[in-house]
Engineer: 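Would you mind keeping the following structure in view while I ask a few things?
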Amino acid sequence: MNLKRHSFEECNQEMGICGISDSREQLPLKKPIEIYFFIDPLCHDCWTIEPIIKKFQIEYGHYFKVRILLAGKLSYWNAFNRSLKKKNKHETQLDPTMCCAGKVELNKMDINPYNAYIAVKAAELQGPHAGLRFLRKLREALFLRKCNVTDEAILKQCSKEAGLDVDIFLDDLHSKTATKALQCDIQTTSEMDVESVPSLVFFNGNSEEAGIKISGHYPYHIYVQLLEDMLGFTPERASHPNLEAFLCHYGFLATSEIATVLDKSPEEVERSLKSLMLQQKVEAVPFKYGTFWKWIA
């Protein structure tokens, strides 16, 4: 399939991730690879792939820039409520790579998926980092607290937790600018024939070659191998941040998430985190299928 690259401004979608690596100054300034990352805020697979994407960005983000797009079609969203009422197949499935509060039964919520999509685009109008923080808080509300994240009151709370200007967010939620931004994502989704999420499309910024699309959730080494194939050489892996810097940067992370990114066993991570807890630097927040850790220092 001939996947064509779209032009977009460099906006450092990595949320400053490369900034936590001490070796960043020795790494190439120009990023030769562009990655389009298609997601759905309500998709459990897009939640469970987060640790893999974090790890990929921390170790090799100096070779690529990422643009997050919301994949979907308005016709699908309009039919979503009717479909949920008829079926029970839309329950999220448990996945050991990212803990949650159990199955989220979307069919039992009064869901309007469009509201979640437009909210993410509204948050992004306050900057790419703000958009990523909001997306994370929205997912936490859905997968950890089982909130209806298409309800405006919940979206308002997520914007507050993400550190957004809440009044501006609420205005943008109903703005033509947010609608236009979402329409651009929809158009790109259609043009690249993205039919499932999560999907990543890799482009080599130094050539006019067609992009390579990979859909689904794969072992970490697959993404690294694809990056190596596109670069034409073995990329240099950046050093990991230490545990405190990593947790301080994100503020709220799961044990399994930290273990995946830092290449440690969950047991080793928990021992270190309990030590930090005794130092009153972190707080444990248990959920049904795992523990999150909140930075409080």
Engineer: If we ignore hydrogens and angles and just use 3.5 Å, is the side chain of Glu270 paired with the main-chain N or O of Thr255 as donor and acceptor?
Structural biologist: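 Absent.
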Engineer: Mind running ring pair (Phe, Tyr, Trp, His ring centres under 6.0 Å) on Phe64 and Phe202 for me, showing each step along the way?
Structural biologist: CA-CA 9 Å; Phe64 60 82; Phe202 289 65; 7.3 Å; no
Engineer: Would you say Phe287 and Leu142 are hydrophobically clustered, going by side-chain heavy atoms of ILVMFWY under 4.5 Å?
Structural biologist: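 Same hydrophobic cluster.
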Engineer: Check whether any side-chain heavy atom of Lys213 lies under 4.5 Å from a side-chain heavy atom of Asp193, and answer yes or no.
Structural biologist: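 SC-SC contact between Lys213 and Asp193 confirmed.
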Engineer: Can you check side chain to side chain contact (heavy atoms under 4.5 Å, CB included) on Trp293 and Lys274, steps first, answer last?
Structural biologist: CA-CA 10 Å; Trp293 300 85; Lys274 286 177 180 177; 4.2 Å; yes
Engineer: Begin from the C-alpha positions of Val197 and Asp45 and carry the test side chain to side chain contact (heavy atoms under 4.5 Å, CB included) through to its verdict.
Structural biologist: CA-CA 8 Å; Val197 288; Asp45 286 343; over 6 Å; no
Engineer: Which heavy-atom pair separates Arg67 from Asp185 by the least distance, and what is that distance?
Structural biologist: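 Scanning both residues completely, I find the closest heavy atoms to be NH2-OD1, 4.2 Å.
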Engineer: If the condition is side chain to side chain donor-acceptor pair (under 3.5 Å), which residues does Lys264 pass it with, not counting sequence neighbours?
Structural biologist: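 With sequence neighbours excluded, Lys264 shows a side chain to side chain donor-acceptor pair (under 3.5 Å) to no residue whatsoever.
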Engineer: In Å and rounded to the nearest 0.5 Å, what is the CE to CD distance from Met230 to Glu34?
Structural biologist: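 These two atoms lie 10.0 Å from each other.
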Engineer: Would you say the side-chain atoms of Tyr218 and Gln225 include a donor-acceptor pair closer than 3.5 Å?
Structural biologist: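 There is no such pair between these side chains.
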Engineer: Between Glu195 and Phe38, is any pair of side-chain heavy atoms under 4.5 Å apart?
Structural biologist: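 Counting from C-beta outward, Glu195 and Phe38 never come under 4.5 Å.
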Engineer: Do the numbers put Lys54 on top of the ring of Phe246, so that NZ or CZ is under 6.0 Å from the six-membered ring centre and no more than 45° off the axis?
Structural biologist: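 Relative to the ring axis of Phe246, which defines the angle, Lys54 lies outside at least one limit.
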Engineer: State the CG-CG distance between Asn204 and Asp229, to the nearest 0.5 angstrom.
Structural biologist: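 Going from CG on Asn204 over to CG on Asp229, the span is 11.5 Å.
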Engineer: Any side-chain heavy atom of Tyr117 within less than 4.5 Å of one from Ile186?
Structural biologist: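 Not in contact.
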Engineer: What's the verdict on side chain to side chain contact (heavy atoms under 4.5 Å, CB included) for Tyr60 and Lys55, showing C-alpha distance, side-chain angles and the deciding distance?
Structural biologist: CA-CA 8 Å; Tyr60 297 103; Lys55 180 178 176 64; over 6 Å; no
Engineer: Give me the atom names and distance for the closest heavy-atom approach of His240 to Asp263.
Structural biologist: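 Closest approach of His240 to Asp263: CE1-OD2, 3.4 Å.
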Engineer: Please name the pair of heavy atoms, one in Ala71 and one in Thr189, separated by the smallest distance, quoted to 0.1 Å.
Structural biologist: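 Scanning both residues, the minimum pair turns out to be CA-OG1, 3.4 Å.
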Engineer: Check whether Val166 and Leu132 end up in the same hydrophobic cluster, where Ile, Leu, Val, Met, Phe, Trp and Tyr are linked by side-chain heavy atoms less than 4.5 Å apart.
Structural biologist: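 Yes, same cluster.
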Engineer: Atom SG in Cys147, atom CG in Leu138: separation rounded to 0.5 Å?
Structural biologist: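 Going from the SG atom of Cys147 to the CG atom of Leu138 covers 9.5 Å.
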Engineer: For the CG atom of Leu273 and the OG1 atom of Thr291, what is their distance to the nearest 0.5 Å?
Structural biologist: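 Leu273 CG to Thr291 OG1: 9.5 Å, rounded to 0.5 Å.
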Engineer: Should the heavy atoms of other residues, nucleotides or ligands under 6.0 Å from CD of Gln279 be counted, would the total exceed 12?
Structural biologist: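 Yes, the 6.0 Å shell around CD holds more than 12 heavy atoms from other groups.
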Engineer: Nearest heavy-atom pair of Pro41 and Val120: which atoms, and what distance?
Structural biologist: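 Nearest heavy atoms, Pro41 then Val120: CG-CG2, 4.1 Å.
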Engineer: Less than 4.5 Å apart, any side-chain heavy atom of Phe37 and any of Ile49?
Structural biologist: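 In contact.
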Engineer: Using modelled atom types and a 3.5 Å cut-off, is there a donor and acceptor pairing between side-chain atoms of Ser199 and backbone atoms of Ser215?
Structural biologist: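 Side chain of Ser199 to backbone of Ser215, a donor-acceptor pair under 3.5 Å: no, none is there.
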Engineer: If you measure from OH on Tyr250 to CD1 on Ile258, what distance do you get to the nearest 0.5 Å?
Structural biologist: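 One gets 11.5 Å once the value is rounded to the nearest 0.5 Å.
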Engineer: Establish whether Ile214 and Leu227 are linked, either directly or via other cluster members, by ILVMFWY side-chain heavy-atom contacts under 4.5 Å.
Structural biologist: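 As far as the 4.5 Å side-chain criterion goes, Leu227 and Ile214 are connected within one cluster.
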Engineer: Can you hop from Ile58 to Leu262 via hydrophobic side chains spaced under 4.5 Å?
Structural biologist: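 Same hydrophobic cluster.
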Engineer: So do Glu236 and Tyr63 actually touch side chain to side chain, heavy atoms under 4.5 Å?
Structural biologist: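 Side chain of Tyr63 against side chain of Glu236, heavy atoms only: contact under 4.5 Å found.
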Engineer: Taking the side chain as every heavy atom from C-beta outward, state whether Val66 and Ile53 have any pair of such atoms under 4.5 Å apart.
Structural biologist: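 No; the side chains remain at least 4.5 Å from each other.
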Engineer: Any donor-acceptor pair under 3.5 Å linking the side chain of Ser190 with the backbone of Gln187?
Structural biologist: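 Absent.
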Engineer: Which atom pair, heavy atoms only, marks the closest approach of Gly131 to Glu124?
Structural biologist: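 Smallest heavy-atom distance, with atoms named: CA-CG, 3.8 Å.
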Engineer: Applying the salt bridge (Lys or Arg N to Asp or Glu O under 4.0 Å) criterion to Glu161, which one of Lys137, Arg145, Arg133, Arg136 satisfies it?
Structural biologist: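 So, applying the salt bridge (Lys or Arg N to Asp or Glu O under 4.0 Å) to Glu161 and each of Lys137, Arg145, Arg133, Arg136, only Arg145 qualifies.
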Engineer: Is a side-chain N or O of Asn148 found less than 3.5 angstrom from the main chain of Asp110, in a donor-acceptor match?
Structural biologist: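 Present.
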Engineer: Closest heavy-atom contact between Ala284 and Pro286?
Structural biologist: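 Shortest heavy-atom contact: O-CD, 3.7 Å.
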Engineer: Please tell me if the side chains of Leu135 and Cys158 come closer than 4.5 Å, counting only heavy atoms from C-beta onward.
Structural biologist: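 In short, these two side chains do not touch, never coming nearer than 4.5 Å.
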Engineer: Quick check: do Leu173 and Lys156 have side-chain heavy atoms less than 4.5 Å from each other?
Structural biologist: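 Heavy-atom side-chain distance check fails, nothing below 4.5 Å.
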Engineer: Begin from the C-alpha positions of Asp172 and Lys121 and carry the test salt bridge (Lys or Arg N to Asp or Glu O under 4.0 Å) through to its verdict.
Structural biologist: CA-CA 9 Å; Asp172 288 337; Lys121 304 315 290 186; over 6 Å; no
Engineer: Relative to the ring of Phe169, is the ring of Phe134 parallel (under 30°), tilted (30 to 60°) or perpendicular (over 60°)?
Structural biologist: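 If you compare the ring of Phe134 with that of Phe169, the planes turn out tilted.
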Engineer: Kindly say whether the aromatic ring centers of Phe203 and Tyr36 come within a distance under 6.0 Å.
Structural biologist: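 Yes, the ring centres sit under 6.0 Å apart.
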Engineer: For a side chain to side chain contact (heavy atoms under 4.5 Å, CB included) check, start with the C-alpha distance between Leu69 and Val194, then their side-chain angles and the critical distance, and finish with the verdict.
Structural biologist: CA-CA 11 Å; Leu69 298 98; Val194 173; over 6 Å; no
Engineer: Would you say Ile33 and Ile222 are hydrophobically clustered, going by side-chain heavy atoms of ILVMFWY under 4.5 Å?
Structural biologist: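 Same hydrophobic cluster.
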Engineer: I need the Ile52 CD1 to Tyr220 OH distance, nearest 0.5 Å.
Structural biologist: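 Between Ile52 CD1 and Tyr220 OH, I get 8.0 Å after rounding to 0.5 Å.
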Engineer: Salt bridge (Lys or Arg N to Asp or Glu O under 4.0 Å) for Glu268 and Arg271? Distances and angles first, verdict last.
Structural biologist: CA-CA 5 Å; Glu268 184 180 1; Arg271 284 195 298 271; 5.3 Å; no
